[in-house]
Amino acid sequence: MTMNADGATGKACPICGKPAIERYLPFCSARCTNIDLGRWLKGNYAIPAEPLDDPEQDHTAQDDAEDEGGARA
């Protein structure tokens, strides 16, 4: 990785776009590092996914259907 005299790596900081500094990679400063950490802690970053089915709800719905069928017999 090539660096300038000030430690810049030539890659852009993902927060502000300034050249990243080796000490804070992939960021340019402690400020941008903390901004990113705050975003993670607040839940701003998420991996898209389908919601999982709740096995308790599925089981309860099945029990209700069986109860209704048993009451009619």
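Just so you know, these numbers come straight off a predicted model, no measurement behind them.
Contact detail for Leu25 and Ala20: the closest heavy-atom pair is CD2-CB, 3.8 Å. Taking all atoms of both residues into account, the shortest heavy-atom contact from Gly17 to Ala12 is O-CB, 3.7 Å.
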Residues 37-50, side-chain donor-acceptor partners within the protein, below 3.5 Å, at least two apart:
{"unit_1": "Trp40", "atom_1": "NE1", "unit_2": "Asp36", "atom_2": "OD2", "d": "3.4"}
{"unit_1": "Tyr45", "atom_1": "OH", "unit_2": "Asp36", "atom_2": "OD1", "d": "2.9"}

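Atom CZ of Phe27 sits about 10.0 Å away from atom SG of Cys16, to the nearest 0.5 Å. Rounding to the nearest 0.5 Å gives a distance of 11.0 Å between CZ of Arg23 and OG of Ser29.
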